[in-house]
Amino acid sequence: MRPLEERGEARDGAARVVAVEPVRKRGGRGSLERERRQAYWLVAPAVLVLAGVALYPILAAMWLSLHRFILVFGEKRFVGLGNYAYLLGDARFWSALGNTAYFTAVAVSVELLLAVPLALLLQRAFPGRGLLRAAVLVPWAIPTVVSARLWAWMFNPDYGLINRLLLGADINWLGAPGYALHAAILVDVWKTTPFVALLVLAGLQGIPEDLYRAARVDGASAWRTFRSITLPLLKPALLLALLFRSLDAFRVFDAIYVLTEGGPANTTETLSIYAYKTLMRSGDFGYGSALSVATFVCVVVLAAVWLRWLGREEVAR
Amino acid sequence: MVRTLVCTFAMGLAALLAQGCQRSPESGRGDEGVTRLVLKYQPLWGPPEPFRELLARFERENPGVTLVTEALPNSSDLAHQFFLTALGGGAGDFDVLIADVVWVPEFARAGWIADLSEAFPPERVRAEFLPGPVEAAVLAGRTYAVPWYLDVGVLYYRKDLVPRAPRTYAELERYAMDAKARVPGLQGFVWQGRQYEGLSCNVYEALWGHGGRALGDGGRVLLDTEAGREALAYLRGLLTRGVSPETVMAFGEEESRRVFQEGRAAFMRNWPYAWSEAQKEGSPIRGKVGMAPLPTVSGEPGFGALGGYQLAVNANVSPERRRLAAKLIAHLTSHEANLVLAVHYARNPPRKAVYDDPRLKEQAPFIASLREMAERARSRPATPYYNLISDVLQSEFSAAVAGLRTPEDALQRAQRQVDHLTGEDR
């Protein structure tokens with residue numbers, strides 16, 4: 001049903017372009033040129049601003065990362081790839097990378113798993129749906145630093161809410177090496193599941209009702225309907241959520257910084273926190289920049305992988 | 001309607017901008033020969049008037065000088081970050097700045113703060129101020145900062161639960177275990193074991209208590225030593241033997257204070273600020289708390305980690321402004337100013353003579369009682385590289401306290417990394 005519609009639209013669009021073309025031609029090549037040039041001028045400010053705020057810092061960081069530049073030492077010396085050579089042998093870097101990857105993988109998968117049923121629930125028509133939709137978004141709306149502080153108190157093993165809810169369990173959430181990273185994951189899941197659910201909900205609403213009606217006529221079970229209609233058609237939305245969230249989670253800083261500052265024993269230290277501490281606390285701008293660039297490269301690789309996968313899915317469709 | 005609003009807004013914005021432009025020549029030298037002197041500091045908690053009056057007196061005594069105070073973030077980390085970027089970038093728009101004890105050597109090494117030896121000869125500073133703050137302000141025979149107020153790590157104990165303040169670690173442990181056995185749900189000894197600067201303070205206090213030193217001859221940061229291993233083993237042992245709850249690994253100052261404040265711990269290591277909280281009306285432990293120097297192995301009074309601030313002069317400002325800045329520092333660190341800060345803001349005076357002042361005993365008896373502990377306050381390693389290495393210290397100390405690494409292992413790793421970081425420059 002849908003492909004037909006789409007094809008129809010495309011033909012329609014093409015027809016319109018054809019109709020427009022002669023009009024432009026009558027104005028001559030010059031006016032088209034002028035229009036194009038005008039377009040460049042119109043985008044130029046935006047491009048310049050982007051280059052200034054996005055490109056320049058990236059390039060500056062890359063340039064800095066090739067130097068030995070520690071503020072206290074007061075000298076800046078070109079060392080080429082020296083910082084990167086040190087990075088490859090730096091156990092703390094690898095543990096931070098491991099923590100970041102683990103955090104991203106677990107947090108994003110849990111968020112996706114929770115978001116789908118949540119979105120299905122939110123899509124249903126029932127009294128008070130508007131209220132519930134708004135309520136679900138509250139965790140996402142609270143600034144991360146505030147919610148992290150909130151959770152830090154709730155995680156307090158002695159008088160925190162969490163252990164009390166677990167009937168007086170004696171779990172040392174933020175102090176024990178095995179628990180702290182999971183506690184941070186829990187905070188991230190609590191905070192961003194609503195966002196993922198919203199993305200999924202948007203995907204759900206794009207699925208034509210007719211398909212479900214047809215499935216009902218064919219006597220498909222609810223599970224079968226979900227497997228054969230909802231899930232496949234939801235795939236683009238899920239992939240988009242996966243892309244957004246994993247890139248975001250990979251750069252996680254604020255929540256963990258407030259909860260544990262990377263402790264105990266660096267077991268919750270992510271790449272961003274390690275880079276921040278090296279840059280801003282130690283004043284080691286050279287190595288800190290190398291760490292930021294490494295993080296940047298990781299994010300770019302991750303984005304490339306996801307986009308490729310996403311792109312292929314789109315083509316297959 | 002909308003257009004009027006937009007117009008008003010735009011005009012307002014323009015007016016603001018114009019005003020901003022007009023104001024800028026004022027900084028530095030003004031039109032009528034008025035010099036603006038800028039003090040960059042963390043506002044003191046308390047009534048604003050006494051401090052304002054202190055500043056006003058300086059203005060009266062130095063006609064033609066206007067004092068401007070600019071607030072820093074309250075977190076010491078963020079304040080340090082500010083100075084790192086501002087001073088590192090050569091900012092000259094503030095004259096006098098506060099510096100934490102561990103920043104002075106760093107700023108001096110980087111050439112960011114001025115040598116004050118002329119206005120404050122090192123011998124005089126040594127004679128007038130307590131040894132701990134002097135250690136942080138006088139480096140290699142030159143004065144780079146002047147102590148403003150200090151903070152020191154102390155031991156709190158419950159007078160109703162333990163017989164007396166413990167002098168040795170063994171006594172502390174025995175009293176804590178006894179109290180725990182008698183009172184269900186009670187914790188023994190709470191302190192700051194989270195991976196942050198507070199942990200380093202606790203570790204250094206244990207190190208001094210075991211007879212160790214932070215710095216060796218020649219200024220090398222000492223970590224992998226017998227006393228270092230004993231200190232970390234002692235802190236880890238507090239957890240494994242149940243003297244301290246495992247949860248101290250998540251505790252900063254406030255978390256530990258809350259447990260103690262609710263009456264759920266027999267001992268606490270903290271800064272003096274916790275005293276006034278404990279004595280507040282409605283506090284469950286009001287009147288039941290004692291304060292003492294930290295214990296040691298030998299039983300002599302222990303050494304508390306030194307906190308608090310020094311005043312220094314931005315090296316980027318002109319010599320003329322530097323002279324004025326030194327005058328302001330002399331005013332703010334005078335005997336009288338020490339007294340104002342003690343009485344109105346509960347800040348411990350770094351001047352020895354203030355502790356003998358009857359006005360202190362009368363108006364701030366609590367601060368007067370801290371004399372012995374203030375005298376024994378010690379600085380964490382006074383090295384230019386402290387902020388460069390403190391991250392390494394925090395993570396290795398944390399690993400040892402959490403039991404992830406043995407003290408030997410953690411200290412060897414820390415020593416290796418610290419020697420690598422500091423060795424590069426020599």
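Throughout, a chain's letter reflects where its sequence line sits, starting with A, and its residues are numbered from 1.
Between B:Thr247 and A:Pro157, the shortest heavy-atom contact is CG2-CG, 2.9 Å.
Contact of B:Leu404 with chain A is made through the side chain alone, with heavy-atom distances under 4.5 Å. Only the side chain of A:Trp153 comes within less than 4.5 Å of a heavy atom in chain B; its backbone stays farther off. Proximity to chain A (any heavy atom under 4.5 Å) is shown, for B:Arg405, by neither the backbone nor the side chain. With a 4.5 Å cut-off on non-hydrogen atoms, B:Gln394 touches chain A through its side chain but not through its backbone. Heavy atoms of A:Tyr287 lying under 4.5 Å from chain B are absent altogether.
Interface summary for chain B: among A:Pro177, A:Gly283, A:Ala152, A:Gly74, the most heavy-atom pairs under 4.5 angstrom belong to A:Pro177. When the candidates B:Arg194, B:Gln81, B:Gln187 are compared by the number of heavy-atom contacts under 4.5 Å with chain A, B:Gln81 comes out ahead. Highest contact tally toward chain B, considering only A:Leu174, A:Asn266, A:Ile171, is held by A:Asn266 [criterion: heavy-atom pairs under 4.5 Å].
Taking a cutoff of 4.0 Å between a charged side-chain nitrogen and a carboxylate oxygen, B:Arg229 and B:Asp224 qualify as a salt bridge. A salt bridge links B:Asp391 with A:Arg92: the distance from a Lys NZ or Arg NE/NH1/NH2 to an Asp or Glu carboxylate oxygen falls below 4.0 Å.
B:His420 and A:Tyr86 have their aromatic ring centers within a separation under 6.0 angstrom. Aromatic ring centres of B:Phe260 and B:Phe251: separated by at least 6.0 Å. The aromatic ring centroids of B:Phe397 and B:Tyr196 lie 6.0 Å or more from each other.
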